[in-house]
2 protein chains.
Amino acid sequence: MIHRNRSSTIADVARLAGVSIATVSRVIKDAISELKFVPRAAARTLASRRTNTIGLIFSEIGGAFFPLLLKGIEAETRSAGYELLIHSTQAAHAQKRRPLGEHNTDGLLVFTSSLEIEELCRLSQINFPLVLMHQTPPDEMNTPVITIENKDGAEMLVSHLIEKHARRRIVYMQGPEGHEDSQWRERGYREALESHGISFDPGLVVSGEFDEEQAFASMRQLLLDGIEFDAVFSGDDDAAIGVYRALKMANRSIPDDVAVVGFDDVQFSRYISPALTTIRAPIEEVGREAVRQLIHLLNGEQAQSLTLMRTELVIRESCGCSPKEVNP
Amino acid sequence: MIHRNRSSTIADVARLAGVSIATVSRVIKDAISELKFVPRAAARTLASRRTNTIGLIFSEIGGAFFPLLLKGIEAETRSAGYELLIHSTQAAHAQKRRPLGEHNTDGLLVFTSSLEIEELCRLSQINFPLVLMHQTPPDEMNTPVITIENKDGAEMLVSHLIEKHARRRIVYMQGPEGHEDSQWRERGYREALESHGISFDPGLVVSGEFDEEQAFASMRQLLLDGIEFDAVFSGDDDAAIGVYRALKMANRSIPDDVAVVGFDDVQFSRYISPALTTIRAPIEEVGREAVRQLIHLLNGEQAQSLTLMRTELVIRESCGCSPKEVNP
DNA sequence: GTATACTATGTAAACGCTTTCTGATAACGC
DNA sequence: GCGTTATCAGAAAGCGTTTACATAGTATAC
């Protein structure tokens, strides 16, 4: 704020109104618009010990997933009267930068594993308000978590492939190592197989990293290796794009030769060809709910320790269902 | 030679301990990390009169456009050592909320018309560092602007439709009223027509609002009205989706009956069917550059008053070119 | 060996607001 | 009428840093 030239302070307002500074601080009603007075956030923060700001820590802003989450978070944060400071821990995890924390926010929203576990513990220990999204905290930490029904969703999806489309050799394209969403989805996948009497084949689990390119590469390899399969459960929709590309390149028809399903239902999923059958995750709502829980914490109220959002099967064409059954 | 027993400097300690000064210095650092000391941002801000924070004002976080822009902005902001405070002026424009400004940021990035013109002027008058994206400032304001070659892009696109695919009745689906990108694109559209001896028909300009639904509705109407056309230049890629839907519903083949082209080249553009021919706008780079210019301003240096980013024609299938010519 | 320039260190004054405290005045009960 | 309590301004004490200033100590030059 170097460039402010003689902008009015609370003292100016007090003088104009003929009252004390304290009065102005209390009764910030009149005289303010007169001088276009805007309280200096830093001074306020320093005195009141509240930043009035919520921090969001995220890993990758790129994907199709992020805008949905952010939209929910932004809207809810705003309507609660808070500011939003965002921080992405892209690539250089080792960056020296001081992360968001007690010094500049009232509370933190943390997505997946975008924050080192030790920093998480530190914040938790000093009782700093924290809400996790799509990540279970270590046992000793009692931090609210918002996540989605990954297992149920995956199970629905895979069961659909088995029951409606008679698929038996279903590839699971998993996400990044240790990614919780991916682990739960795999569990759902396995349970669906099991409950339909299909034995689990580790050779059908490949790495997709929730990333188009990686998914493409893994799919190519699978095809080159001559592994047989009649369906692919792509860990998320982004990876499904890579799967599509690899299959088309190999002249395998989707869904006739290989049925493909995704997870998340991001914007493009309905537009790709064939339209992707997937699981709709209430991503925006996850964001909103996370903020709500954090606000509870900020107000000293109790927060719900686990919020599990329902997921929903969205049937389109890539599983083998016909376009007619599809609603746009 | 220590005359008195006082005055132990870091060098004395070092000498006495038989280690280097650097070692002693490191000990101090250790003490800091030992106490997990993190300077309070507010106090720092108050004393130094710098927030070390850049503000971003945006209107709609939803679209496919936003993540790209944000990614560039976030990365560059971070690498310059600043924090990022984001604020969206969605829907309720009249919200009482105090916007980002002198009180909590060092400078502001403003996208399109997401900030009222009078607030813009106010900030400009108090010499507050400001950078505009995709929006020309009022004359008296000397604020740096980053924008893209909208006109050139549009002209390339339309010329391609005319020259390569012999289209003559080309619909322009414009963006929101007063949206600068849209205005320039229309100008490019008109110039392309003119330079090919095609007269401009106002009846072929319809409203798409850069929005899928609105584009869908306008397209339906056009079809119902029986207006003849053999191509559609959709103001942006989001709207192109709506155009696709309306045309498919009316059983018009893309690109045989109607060629469709978009603008922006967002993530899904290459995946929809047929793959969308469009203009690649360096959105992420716009974000980066905007931050760079703002940093210049913050450092008291001169900033470039206008940065015009080149756009590039991306030919896919929706214009009528064959898939073979396409690179993935 | 002294004068001078320079550096490191300590001290104290902002920074602009919130909040607690204090005294004065008003309202109230008996 | 007096004493007690509620009400309300104004005064003043922070809030946790930076920074300007003063001071002491050290190196450099003659």
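Naming: A, B, ... by sequence-line order, numbering from 1 per chain.
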Atom pair distance, as rounded to whole Å: CZ in B:R44 and C1' in C:dC17: 20 Å
What is the distance, to the nearest angstrom, from the CG atom on A:N52 to the P atom on C:dC17? 15 Å
Provide, to the nearest angstrom, the distance between the CZ atom belonging to B:R50 and the C1' atom belonging to C:dA14. 18 Å
Atom pair distance, as rounded to whole Å: CG in A:N104 and P in D:dC15: 20 Å
Nearest to side-chain heavy atoms of A:A47, which nucleotide of C:dC17, C:dT19, C:dC15: C:dC17
Taking CD from A:E102 and C1' from D:dT17, how many angstroms apart are they, rounded to a whole number? 16 Å
Between C:dG16 (C1') and A:R49 (CZ): distance, integer Å: 16 Å
d(CZ, A:R40; P, C:dT18) in whole Å: 12 Å
Checking the side chain of B:S114 only, and the main-chain atoms of B:I57 only, is there a donor and an acceptor separated by less than 3.5 Å? yes
Take B:E118 and B:R122 through the salt bridge (Lys or Arg N to Asp or Glu O under 4.0 Å) test and state the conclusion after the steps. CA-CA 6 Å; B:E118 61 179 30; B:R122 206 206 95 224; over 6 Å; no
What's the NE2-C1' distance between B:H103 and C:dC15, to the nearest Å? 17 Å
The nucleotide from C:dC17, C:dT19, D:dC15 with an atom nearest the side chain of A:P39 is C:dC17
A:R292 and A:E285: CA distance, side-chain angles, deciding distance, salt bridge (Lys or Arg N to Asp or Glu O under 4.0 Å) verdict: CA-CA 10 Å; A:R292 281 188 215 115; A:E285 187 56 22; 3.3 Å; yes
Which word best sums up how the rings of A:H134 and A:F111 line up, parallel for under 30°, tilted for 30 to 60°, or perpendicular for over 60°? tilted
